[in-house]
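Below is one structure, written out as structure tokens; comments come after it.
Below, chain A is the first sequence line, B the second, and so on; all start at residue 1. These numbers come from the heavy atoms of this one structure, side chains and all, not from hydrogens, waters or symmetry mates.
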Amino acid sequence: MEKHRIHKKNVNNPAVWAFSGPRLFMKKERTHKQLLYNPKSAAWVLAAPGLVLLSIFVILPFLIAIYYSFTNRMLVQPSSIATEFVGFRNYLRVFTDPIFSESFLNNFYFAIFAVPIQLVLSLLLALLVNKKVKGISIFRFIFFSPAVIPMIVIAVAWSLLLTPGESGLLNTILNELTFGHFRPLDWLFNKNVALNGLIVMCVWMSVGFQMMILLAALQSVPQELLEAAVLDGANAFQRFRHVILPELRNSIIFLVLSSTIGSFKLFGQVFILTKGGPQNSTSTIVYMIYEKGFINQQLGYASAIAVVVFLVVGILSFIQQRVIKLTD
Amino acid sequence: MKSQKVSRHINKTGIYAGLIIGAVIYILPVLLVVFSAFKIDRIKLITDLSSFNAFLPTGKLGLQNFIDVFTRIDIGHFFFNSVIITGSTVLLGLVVNSSLAYSLARLPLKGKKIILMLIISILIIPGEAVAVPLLSMVTKMGIVESYIVQILPFIADAFYIFLFYQTFRSIPKELEEAALIDGANYLTIFFRIILPVCKPTVITVAILSSIGRWGDVLWPTMVTRSAEYRPLSVGVLQLFSTQPQNWGNIFASAFVMTIPILVLFLIFQKHFVNSMASSSIKG
């Protein structure tokens, strides 16, 4: 009886025909239910909401940005000024704007210093938390915690740590640790140091996350390999250099490339803590989009910067894909 | 034999030393926020902030800062807004992103390759880069100053679609086939069979998008002008950037803002960390 019922249901189920050869009924009224049984129409039903939302709220604004980048459009267009095409004038301005080149160099500087420091520290932490000692999961959580604390809260704490002068917390700590040899820095208030202050905070924030990824890779290193290396008389450093490191290669490449890309997308920390200052010393290319577009209302110019950012990040991502494919 | 034992002992001490030094560096800023939130003597709180006392529960402790932020600046309303905005975005996002990903990964969707390429290129666009054009768009649509303007644009997200896509591709086809033979339609199969199997990814996406939405400050600053629809993140940012800073209020509201995400994370920690690590390596 039960078998019969299922069989009968199948007859009306085009999805099953698709899997089981010739169709029994070619024409059938399309009811609401039918739509969900046919794999082709079900595919559209399931995909539609996402596709519509992505088109309206991501693709469309991006296309609008491309269009605006060729105009003199303002965010709130004054009625006395008409929107006009200005050709490549905005792009010309991007490449001749000293603030843009300064911002771009800031991103570059950030990538050059933050990426390797993050990698080395997270590798060290990953090796440490890979040890099977008591309470290790608590330590893992502590190191990972900045990933789940809202950035604004982290920024509040770090703004105090980075307080300038003798009374600044980080200055006091570093001074004590070096027995008075550390000269207090003005961190976020000195244009020669501010970017370094941001790097310190960003490294602190992202090391734990990278550690988790490396930890997962470490745990997949075959135990036999390590044991064989011990039997061969390899010391801890040799084991790390010749057994563990090669196994971590793919994860390390992934982390280096994605944090490089992240360096060129840097925004939140700048937005909350420094607003690009002092004297543009912490401005980044993404921050410039906000500053020019929202604060200065120059939507056309900001859009041109956005397109350039897209190209920069796009090229980096393309390189990433290539490198990952090559190493696979 | 004995020397091996001794060296192992030294080794273990070294490991703990390293772990504890690292942990101190990570715990200090957290202690700073937590203890300061409970310090009720205003002057003591500020003087503490320039010495090691910042990391210690010194002076008089109490709940006055919390009472202040809830009664004087109505942080509760900001909190409520954040819950509405984050909650709806995350829940709708889970449904929308996972179904699109399922369609891409397992169903004969027309133009699949093009859509997939499009989604991968969307991954490149930093959200902040399109925020200003998006703002001019939603202004024209007349939806600024609302919950909807803070929810709708963030439901569909290329990154989460991609995470789901990778997961769905790795589950065996037999699961669906068996259900099809039992007469289930694709919607039922997806929600009743596929999604429950992919629970770790669902949890990962839920946590990641909760963190992202809960903490976002840029978009809500751009689209809200009054306290009515403002989320907690902007509330904290406002307190933080108002001079002179009232640190008691800042710390208490920062504390309130951190707890929900932290609790969410602690509940689902295991699934989250495992699947996050494995999916990011594949990605």
Side-chain angles (χ1 to χ4, degrees), chain A residues 6 9-10 13 15-16 19 36-37 39-40 42-43 46-47 49-51 53-54 57-58 61-62 64-65 68 75 125 128 131 133 139 142-143 145 148-153 156-157 160-161 167 169 212-213 216 251 254 265 267 271 286 289-290 293-294 299 302-303 306 309-310 313-314 317, chain B residues 12 15 18-19 22-23 26-27 29 32-33 49-50 54 96-97 99-100 102-103 107-109 122 124-126 128-130 132-134 136-137 152-153 155-156 161 177 180-183 185-187 211 214-215 217-218 222 233 236-237 240 250 254 257-258 261-262 265 273 277-278 280-281:
Chain A
I6 292 173
K9 236 181 177 176
N10 280 344
N13 182 347
V16 173
F19 283 99
L36 296 174
Y37 280 105
K40 275 187 184 156
L46 284 166
L51 289 179
L53 286 168
L54 277 182
F57 292 108
V58 185
F62 186 66
I64 291 178
Y68 282 157
L75 184 59
L125 279 188
L128 269 178
K131 303 281 184 219
V133 293
F139 285 105
I142 290 173
F143 299 139
S145 62
V148 292
I149 299 175
M151 194 196 283
I152 173 84
V153 177
V156 166
L160 287 161
L161 288 169
S167 61
L169 285 173
M212 278 298 181
I213 289 170
S251 310
F254 166 78
K265 287 182 172 180
F267 175 79
F271 173 68
V286 177
I289 302 174
Y290 166 78
F294 189 67
L299 188 51
S303 299
V309 168
F310 176 75
V313 179
S317 307
Chain B
K12 222 174 187 176
I15 291 167
L19 285 171
Y26 274 82
I27 282 183
L32 169 71
V33 175
L49 288 178
S50 50
V96 167
N97 293 324
S99 11
L100 174 52
Y102 179 66
S103 183
L107 295 175
L109 185 67
I122 290 174
I124 300 170
I125 308 178
E128 293 91 357
V130 290
V132 183
L134 185 63
S136 80
M137 215 176 92
L152 221 45
I155 294 173
I161 295 170
E177 279 161 18
L180 278 172
I181 291 164
D182 281 351
N185 71 41
Y186 282 97
L187 214 60
I211 295 172
W214 188 263
V217 277
L218 173 67
M222 287 167 106
S233 53
V236 178
L237 181 66
F240 180 57
I250 296 173
M257 188 178 171
T258 311
I261 297 287
L262 210 60
F265 175 76
V273 170
S278 64
S280 48
I281 286 168

Practice prompt. Output all residues satisfying side chain to side chain donor-acceptor pair (under 3.5 Å) with A:Tyr290, sequence neighbours left out; order by chain, then residue number.
Written response: none
For chain B, which of [options] has the most heavy-atom pairs under 4.5 Å?
options	answer
A:Val153, A:Val58, A:Ile289, A:Leu161	A:Val153
A:Ala47, A:Ser303, A:Ala42, A:Ala306	A:Ala47
A:Leu75, A:Val309, A:Leu125	A:Leu75
A:Val313, A:Leu160, A:Ile149	A:Leu160

Heavy-atom proximity to chain B below 4.5 Å, by part of [X]:
X	value
A:Phe310	both
A:Leu299	side chain
A:Lys131	side chain
A:Val133	both
A:Leu54	both
A:Val286	side chain
A:Phe139	side chain

Minimal non-hydrogen separation, [X] against [Y], with atom names:
X	Y	value
B:Ser50	A:Leu169	C-CD2, 4.2 Å
B:Trp214	A:Pro150	CD1-CG, 4.2 Å
B:Pro153	A:Phe57	CA-CG, 3.5 Å
B:Val96	A:Gly50	CG1-CA, 3.3 Å

Looking at [options], which has the largest count of heavy-atom pairs under 4.5 Å with chain A?
options	answer
B:Val130, B:Leu49, B:Val33, B:Ile27	B:Leu49
B:Ala54, B:Ser233, B:Gly22, B:Pro29	B:Pro29
B:Leu262, B:Leu134, B:Ile211	B:Leu134
B:Leu218, B:Asn97, B:Ile250	B:Leu218
B:Val236, B:Ile161, B:Ile122, B:Ile155	B:Ile122
B:Leu107, B:Ile124, B:Leu32	B:Ile124

Practice prompt. With sequence neighbours excluded, tell me which residues meet ring-ring contact (aromatic ring centres under 6.0 Å, His included) with B:Tyr26.
Written response: A:Phe143, A:Trp204
Worksheet, complete the sentence: Whatever's closer than 4.5 Å to a heavy atom in chain A on B:Met257 counts as both
Worksheet item: In Å, rounded to the nearest 0.5 Å, how long is the span from CG of A:Leu53 to CG of B:Leu100?
Response: 10.0 Å
Practice prompt. Supply the atom-to-atom distance B:Phe240 CZ to A:Ile152 CD1, rounded to the nearest 0.5 angstrom.
Written response: 6.5 Å
Item to complete: Please examine the side chains of A:Phe62 and B:Pro133, heavy atoms only from C-beta on, and report whether any two atoms are closer than 4.5 Å.
Response: no
